[in-house]
Amino acid sequence: MVNLREIKGRINSTKSTMQITKAMQMVSSSKLRRAEQNAKAYVPYMEKIQDVVGAIASGTKDSGHPMLTSRPVKKTAYLVITSDRGLAGAYNSSILRQIVRTANERHKSKDEYVILAVGRVARDFFVKRDYNVISSVVALPDQPTFADIKEIARKAVGMFTDGTYDELYMYYNHFVSAIASEVTEKKVLPLTDLAPTSSKAAYEFEPSGEAILEVLLPQYAESLIYGALLDGKASEHASRMTAMKNATDNASDLISDLSLQYNRARQAAITQEITEIVGGAAALE
(Lines give C-alpha, C1' and ligand atoms only; values in the text may rest on other atoms or scores of the structure.)
Protein backbone atom coordinates (compact mmCIF):
# COMPACT_ATOMS: atom_id res chain seq x y z
CA MET A 1 0.00 0.00 0.00
CA VAL A 2 1.18 3.51 -0.77
CA ASN A 3 2.57 5.34 2.27
CA LEU A 4 0.27 8.32 2.89
CA ARG A 5 2.87 10.08 5.03
CA GLU A 6 5.45 9.85 2.24
CA ILE A 7 3.05 11.33 -0.32
CA LYS A 8 2.10 14.12 2.07
CA GLY A 9 5.78 14.90 2.61
CA ARG A 10 6.39 15.11 -1.15
CA ILE A 11 3.42 17.47 -1.52
CA ASN A 12 4.72 19.77 1.21
CA SER A 13 8.27 19.81 -0.17
CA THR A 14 7.00 20.52 -3.68
CA LYS A 15 4.88 23.39 -2.36
CA SER A 16 7.97 24.87 -0.68
CA THR A 17 9.93 24.58 -3.93
CA MET A 18 7.08 26.20 -5.86
CA GLN A 19 7.10 29.18 -3.47
CA ILE A 20 10.83 29.65 -4.10
CA THR A 21 10.56 29.41 -7.89
CA LYS A 22 7.59 31.77 -7.94
CA ALA A 23 9.52 34.31 -5.88
CA MET A 24 12.52 33.99 -8.21
CA GLN A 25 10.21 34.47 -11.19
CA MET A 26 8.87 37.72 -9.74
CA VAL A 27 12.38 38.99 -8.93
CA SER A 28 13.61 38.20 -12.45
CA SER A 29 10.56 39.89 -13.93
CA SER A 30 11.37 43.06 -12.01
CA LYS A 31 15.03 42.94 -13.05
CA LEU A 32 14.03 42.31 -16.66
CA ARG A 33 12.03 45.52 -16.91
CA ARG A 34 14.97 47.62 -15.79
CA ALA A 35 17.51 45.70 -17.89
CA GLU A 36 15.34 46.09 -20.98
CA GLN A 37 15.08 49.83 -20.33
CA ASN A 38 18.87 50.08 -19.97
CA ALA A 39 19.47 48.19 -23.21
CA LYS A 40 16.98 50.32 -25.17
CA ALA A 41 18.28 53.57 -23.67
CA TYR A 42 21.79 52.71 -24.86
CA VAL A 43 20.75 52.26 -28.50
CA PRO A 44 20.64 56.01 -29.42
CA TYR A 45 24.18 56.47 -28.10
CA MET A 46 25.42 53.48 -30.11
CA GLU A 47 23.78 54.75 -33.28
CA LYS A 48 25.20 58.24 -32.82
CA ILE A 49 28.77 57.17 -32.09
CA GLN A 50 28.68 54.79 -35.05
CA ASP A 51 27.45 57.62 -37.26
CA VAL A 52 30.21 59.94 -36.04
CA VAL A 53 32.98 57.35 -36.34
CA GLY A 54 31.74 56.34 -39.78
CA ALA A 55 31.69 59.96 -40.91
CA ILE A 56 35.23 60.61 -39.72
CA ALA A 57 36.57 57.33 -41.09
CA SER A 58 35.03 57.94 -44.51
CA GLY A 59 36.43 61.48 -44.55
CA THR A 60 39.89 60.40 -43.45
CA LYS A 61 41.26 58.30 -46.26
CA ASP A 62 44.24 56.03 -45.69
CA SER A 63 44.47 56.82 -41.99
CA GLY A 64 46.34 53.58 -41.40
CA HIS A 65 44.84 53.15 -37.94
CA PRO A 66 45.39 49.52 -36.78
CA MET A 67 41.77 49.18 -35.64
CA LEU A 68 40.57 49.93 -39.18
CA THR A 69 43.07 47.71 -40.96
CA SER A 70 42.69 43.99 -41.61
CA ARG A 71 45.85 41.94 -41.27
CA PRO A 72 46.75 38.28 -41.72
CA VAL A 73 45.01 36.31 -38.99
CA LYS A 74 47.43 34.31 -36.89
CA LYS A 75 45.37 34.30 -33.70
CA THR A 76 41.70 35.00 -32.98
CA ALA A 77 40.08 36.17 -29.74
CA TYR A 78 36.56 35.32 -28.62
CA LEU A 79 34.86 37.43 -25.97
CA VAL A 80 32.09 35.26 -24.49
CA ILE A 81 29.36 36.82 -22.33
CA THR A 82 27.48 34.53 -19.93
CA SER A 83 25.96 34.86 -16.46
CA ASP A 84 27.47 34.23 -13.03
CA ARG A 85 24.63 31.93 -11.95
CA GLY A 86 22.57 29.13 -13.40
CA LEU A 87 18.81 28.49 -13.23
CA ALA A 88 18.38 30.42 -16.48
CA GLY A 89 17.27 27.68 -18.83
CA ALA A 90 19.42 27.37 -21.95
CA TYR A 91 20.84 30.89 -21.67
CA ASN A 92 24.41 29.82 -20.92
CA SER A 93 24.50 26.43 -22.61
CA SER A 94 23.37 27.81 -25.98
CA ILE A 95 26.22 30.34 -26.04
CA LEU A 96 28.87 27.85 -24.93
CA ARG A 97 27.67 25.23 -27.40
CA GLN A 98 27.82 27.72 -30.26
CA ILE A 99 31.28 29.07 -29.46
CA VAL A 100 32.74 25.56 -29.07
CA ARG A 101 31.21 24.47 -32.39
CA THR A 102 32.48 27.59 -34.15
CA ALA A 103 35.98 27.30 -32.71
CA ASN A 104 36.24 23.67 -33.75
CA GLU A 105 35.15 24.52 -37.30
CA ARG A 106 37.49 27.49 -37.74
CA HIS A 107 40.61 26.30 -35.97
CA LYS A 108 42.75 23.20 -36.01
CA SER A 109 43.95 23.55 -32.41
CA LYS A 110 43.34 25.60 -29.26
CA ASP A 111 46.63 27.43 -29.86
CA GLU A 112 45.01 29.42 -32.67
CA TYR A 113 42.61 31.34 -30.45
CA VAL A 114 42.16 32.80 -26.97
CA ILE A 115 39.14 33.38 -24.74
CA LEU A 116 38.04 36.48 -22.87
CA ALA A 117 35.31 35.40 -20.46
CA VAL A 118 32.60 37.60 -19.01
CA GLY A 119 30.67 35.73 -16.34
CA ARG A 120 31.59 32.94 -13.95
CA VAL A 121 29.87 30.26 -16.05
CA ALA A 122 32.04 31.00 -19.10
CA ARG A 123 35.23 31.31 -17.07
CA ASP A 124 34.72 28.02 -15.23
CA PHE A 125 33.65 26.21 -18.40
CA PHE A 126 36.73 27.16 -20.41
CA VAL A 127 39.23 26.87 -17.56
CA LYS A 128 37.98 23.39 -16.71
CA ARG A 129 38.51 22.29 -20.33
CA ASP A 130 41.99 23.81 -20.63
CA TYR A 131 41.15 26.62 -23.04
CA ASN A 132 43.48 29.59 -23.16
CA VAL A 133 41.56 32.11 -21.03
CA ILE A 134 43.65 35.29 -21.04
CA SER A 135 41.19 37.54 -19.20
CA SER A 136 37.93 37.25 -17.28
CA VAL A 137 35.52 39.29 -15.19
CA VAL A 138 32.96 37.84 -12.78
CA ALA A 139 30.45 38.98 -10.16
CA LEU A 140 28.92 41.65 -12.37
CA PRO A 141 25.81 43.37 -10.94
CA ASP A 142 22.39 42.70 -12.42
CA GLN A 143 22.35 46.25 -13.82
CA PRO A 144 26.01 46.77 -14.84
CA THR A 145 27.63 50.09 -15.58
CA PHE A 146 30.50 50.70 -17.97
CA ALA A 147 32.88 50.97 -15.02
CA ASP A 148 32.17 47.31 -14.21
CA ILE A 149 33.63 46.09 -17.53
CA LYS A 150 35.96 48.99 -18.31
CA GLU A 151 39.07 46.96 -17.53
CA ILE A 152 38.31 43.95 -19.70
CA ALA A 153 36.95 46.13 -22.54
CA ARG A 154 40.06 48.30 -22.65
CA LYS A 155 42.27 45.24 -22.28
CA ALA A 156 40.52 43.55 -25.21
CA VAL A 157 41.02 46.60 -27.44
CA GLY A 158 44.60 47.15 -26.24
CA MET A 159 45.67 43.57 -26.92
CA PHE A 160 44.35 43.82 -30.47
CA THR A 161 46.26 47.05 -31.02
CA ASP A 162 49.41 45.47 -29.57
CA GLY A 163 49.12 42.49 -31.90
CA THR A 164 48.31 39.84 -29.27
CA TYR A 165 45.57 38.68 -31.65
CA ASP A 166 44.46 39.78 -35.09
CA GLU A 167 40.66 39.73 -34.81
CA LEU A 168 38.11 39.86 -32.01
CA TYR A 169 34.67 38.28 -32.06
CA MET A 170 31.98 38.63 -29.41
CA TYR A 171 29.36 36.02 -28.47
CA TYR A 172 26.27 36.88 -26.44
CA ASN A 173 22.54 36.26 -26.28
CA HIS A 174 20.61 38.98 -28.10
CA PHE A 175 17.35 39.94 -26.38
CA VAL A 176 14.39 39.53 -28.73
CA SER A 177 11.47 39.36 -26.31
CA ALA A 178 10.64 38.10 -22.84
CA ILE A 179 10.34 34.56 -24.22
CA ALA A 180 12.91 34.58 -27.01
CA SER A 181 16.61 35.30 -27.44
CA GLU A 182 19.19 34.32 -30.03
CA VAL A 183 22.90 33.61 -29.84
CA THR A 184 24.72 36.38 -31.71
CA GLU A 185 28.24 36.57 -33.10
CA LYS A 186 29.55 40.08 -33.67
CA LYS A 187 32.92 41.04 -35.09
CA VAL A 188 34.35 43.80 -32.92
CA LEU A 189 37.84 44.24 -34.37
CA PRO A 190 39.09 45.19 -36.87
CA LEU A 191 36.40 47.77 -37.63
CA THR A 192 36.14 47.04 -41.32
CA ASP A 193 32.36 47.31 -41.66
CA LEU A 194 31.71 50.81 -40.37
CA ALA A 195 28.62 52.12 -42.11
CA PRO A 196 29.27 55.44 -43.86
CA THR A 197 27.29 58.37 -42.59
CA SER A 198 24.12 59.27 -44.44
CA SER A 199 24.88 62.94 -44.03
CA LYS A 200 26.27 64.80 -47.05
CA ALA A 201 27.61 67.68 -44.99
CA ALA A 202 31.31 68.50 -45.17
CA TYR A 203 33.30 68.01 -41.98
CA GLU A 204 36.32 69.89 -40.78
CA PHE A 205 38.43 68.10 -38.20
CA GLU A 206 40.35 69.82 -35.45
CA PRO A 207 43.16 69.07 -34.87
CA SER A 208 42.87 66.29 -37.50
CA GLY A 209 40.73 63.31 -38.45
CA GLU A 210 43.53 60.93 -37.48
CA ALA A 211 43.81 62.45 -34.00
CA ILE A 212 40.06 62.21 -33.44
CA LEU A 213 39.98 58.60 -34.62
CA GLU A 214 42.80 57.80 -32.22
CA VAL A 215 40.45 58.71 -29.34
CA LEU A 216 37.08 57.66 -30.73
CA LEU A 217 37.88 54.21 -32.16
CA PRO A 218 38.83 52.59 -28.81
CA GLN A 219 35.76 54.16 -27.22
CA TYR A 220 33.58 52.84 -30.02
CA ALA A 221 34.93 49.29 -29.69
CA GLU A 222 34.48 49.41 -25.92
CA SER A 223 30.92 50.68 -26.36
CA LEU A 224 30.16 47.68 -28.59
CA ILE A 225 31.20 45.36 -25.76
CA TYR A 226 29.18 47.27 -23.18
CA GLY A 227 26.11 47.34 -25.45
CA ALA A 228 26.34 43.56 -25.90
CA LEU A 229 26.57 43.13 -22.12
CA LEU A 230 23.40 45.18 -21.56
CA ASP A 231 21.65 43.17 -24.27
CA GLY A 232 22.86 39.92 -22.71
CA LYS A 233 21.71 40.93 -19.23
CA ALA A 234 18.20 41.58 -20.49
CA SER A 235 18.22 38.18 -22.16
CA GLU A 236 19.56 36.55 -18.98
CA HIS A 237 16.77 37.93 -16.79
CA ALA A 238 14.17 36.97 -19.39
CA SER A 239 15.54 33.42 -19.59
CA ARG A 240 15.60 33.07 -15.82
CA MET A 241 12.06 34.43 -15.53
CA THR A 242 10.84 31.93 -18.14
CA ALA A 243 12.73 29.05 -16.52
CA MET A 244 11.30 29.82 -13.09
CA LYS A 245 7.79 30.15 -14.53
CA ASN A 246 8.15 26.71 -16.14
CA ALA A 247 9.45 25.31 -12.87
CA THR A 248 6.50 26.80 -10.99
CA ASP A 249 4.03 25.37 -13.49
CA ASN A 250 5.67 21.94 -13.32
CA ALA A 251 5.56 22.04 -9.52
CA SER A 252 1.88 22.92 -9.63
CA ASP A 253 1.18 19.98 -11.97
CA LEU A 254 3.16 17.65 -9.73
CA ILE A 255 1.22 18.81 -6.67
CA SER A 256 -2.05 18.09 -8.49
CA ASP A 257 -0.89 14.59 -9.41
CA LEU A 258 0.36 13.88 -5.89
CA SER A 259 -2.86 15.21 -4.36
CA LEU A 260 -4.90 12.93 -6.59
CA GLN A 261 -2.66 10.01 -5.67
CA TYR A 262 -2.95 10.90 -1.98
CA ASN A 263 -6.76 11.10 -2.11
CA ARG A 264 -6.99 7.74 -3.91
CA ALA A 265 -4.67 6.11 -1.40
CA ARG A 266 -6.60 7.64 1.50
CA GLN A 267 -9.89 6.49 0.03
CA ALA A 268 -8.51 2.98 -0.39
CA ALA A 269 -7.29 2.96 3.21
CA ILE A 270 -10.69 4.11 4.50
CA THR A 271 -12.48 1.48 2.40
CA GLN A 272 -10.19 -1.20 3.75
CA GLU A 273 -10.81 -0.09 7.35
CA ILE A 274 -14.59 -0.16 6.79
CA THR A 275 -14.31 -3.63 5.25
CA GLU A 276 -12.33 -4.88 8.24
CA ILE A 277 -14.84 -3.42 10.68
CA VAL A 278 -17.80 -4.97 8.84
CA GLY A 279 -16.00 -8.29 8.58
CA GLY A 280 -15.20 -8.24 12.31
CA ALA A 281 -18.78 -7.42 13.21
CA ALA A 282 -20.07 -10.24 11.02
CA ALA A 283 -17.70 -12.68 12.68
CA LEU A 284 -19.07 -11.81 16.12
CA GLU A 285 -22.66 -12.58 15.15
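The 12-atom threshold is exceeded at CZ of R71, counting heavy atoms of other residues, nucleotides or ligands nearer than 6.0 Å. More than 12 heavy atoms of other shown residues, nucleotides or ligands fall within 6.0 angstrom of atom NZ in K110. Crowding of R264 atom CZ: a count of heavy atoms from other residues, nucleotides or ligands under 6.0 Å not exceeding 12. Around CD of Q219, the count of heavy atoms belonging to other residues, nucleotides or ligands within 6.0 Å exceeds 12. K187 NZ: more than 12 foreign heavy atoms inside a 6.0 Å radius. The 12-atom threshold is not exceeded at CD1 of I179, counting heavy atoms of other residues, nucleotides or ligands nearer than 6.0 Å.
Distance alone, capped at 3.5 Å, places no donor-acceptor pair between the N132 side chain and the V114 backbone. Side chain of S16 to main chain of N12: a donor-acceptor pair is present (N/O by atom type, distance under 3.5 Å, no hydrogens or angles). Between the side chain of D84 and the main chain of V138, no donor-acceptor pair closer than 3.5 Å is present. With T17 contributing its side chain and S13 its backbone, the two residues share a donor-acceptor pair below 3.5 Å. Remark: side-chain polar atoms of T275 are paired, donor with acceptor, to backbone N or O of T271 under 3.5 angstrom. Formation of a donor-acceptor pair under 3.5 Å by the T242 side chain with backbone atoms of A178 is found in this model. Checking side-chain atoms of S259 against main-chain N and O of I255 turns up a donor-acceptor pair under 3.5 Å.
When all heavy atoms of D142 and K233 are compared, the closest pair comes out as O-CD, 3.9 Å. In terms of heavy-atom proximity, G232 sits nearest to Y91 at O-OH, 3.0 Å. Here the closest heavy-atom approach between residue T76 and residue Y165 is recorded as C-CB, 4.3 Å. Here the closest heavy-atom approach between residue D111 and residue K75 is recorded as O-CE, 3.2 Å. Closest heavy-atom contact between D148 and P141: OD2-CG, 3.3 Å. Of all heavy-atom pairs between S223 and I49, the closest is OG-CG2, 4.3 Å.
A salt bridge links E236 and R240; the closest N-O separation between the charged side-chain nitrogens and carboxylate oxygens is under 4.0 Å. Between K40 and E36 a salt bridge is recorded (basic side-chain N to carboxylate O distance below 4.0 Å). Ionic pairing of E167 and R106 is not present here: no N-O contact between side-chain nitrogen and carboxylate oxygen is shorter than 4.0 angstrom. Here D257 does not pair with R10 in a salt bridge; the nearest charged N to carboxylate O distance is not below 4.0 Å.
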For this session: Run the numbers on L258 and T14 for side-chain contact (heavy atoms from CB on, under 4.5 Å), then give the verdict.
Result: CA-CA 10 Å; L258 289 173; T14 305; 4.2 Å; yes
For this session: In sequence, state the C-alpha distance, the side-chain angles, and the governing distance for T102 and Y169, and then conclude on side-chain contact (heavy atoms from CB on, under 4.5 Å).
Result: CA-CA 11 Å; T102 301; Y169 288 89; over 6 Å; no
For this session: Take H237 and Q143 through the test side-chain contact (heavy atoms from CB on, under 4.5 Å) and record every step on the way to the result.
Result: CA-CA 10 Å; H237 295 316; Q143 311 298 336; 4.1 Å; yes
For this session: Please step through side-chain contact (heavy atoms from CB on, under 4.5 Å) for the pair N173 and I95, ending with a clear verdict.
Result: CA-CA 7 Å; N173 255 317; I95 298 175; 3.5 Å; yes
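Both V188 and L216 are part of a single hydrophobic cluster, where members link through side-chain heavy atoms under 4.5 Å apart. No chain of hydrophobic side-chain contacts below 4.5 Å, direct or via other Ile, Leu, Val, Met, Phe, Trp or Tyr residues, connects V118 to V121. Using a 4.5 Å cut-off between side-chain heavy atoms of Ile, Leu, Val, Met, Phe, Trp and Tyr, with links allowed through other members, L32 and L140 fall into different hydrophobic clusters. Under the 4.5 Å side-chain heavy-atom criterion for ILVMFWY residues, a single connected hydrophobic cluster contains both L229 and L189.
Between Y42 and Y45, the two ring planes are tilted [angle within 30° to 60°]. Aromatic ring pairs are classed by plane angle as parallel below 30°, tilted from 30° to 60° and perpendicular above 60°; the pair H107 and Y78 is perpendicular.
Relative to the six-membered ring of F125, R97 misses at least one condition, a distance below 6.0 Å or an angle of at most 45° to the axis.
Rounding to the nearest 0.5 Å places OG of S109 at 11.0 Å from CG of N104. Between atom OG of residue S70 and atom CG of residue D166 there is a gap of 10.0 Å, rounded to the nearest 0.5 Å. Taking NZ of K31 as the reference point, atom CE of M24 lies at 8.5 Å (rounded to 0.5 Å). The distance from atom OG1 of T184 to atom CD of Q98, rounded to the nearest 0.5 Å, is 10.0 Å. We find the CD-CD distance between E47 and Q50 to be 8.0 Å, quoted to the nearest 0.5 Å. Here L87 contributes atom CG and T21 contributes atom OG1; the two are 10.0 Å apart, rounded to the nearest 0.5 Å.
Between E151 and V137 the shortest side-chain heavy-atom distance does not fall below 4.5 Å.
Neither side chain, S256 nor D253, offers a donor N or O lying under 3.5 Å from an acceptor on the other.
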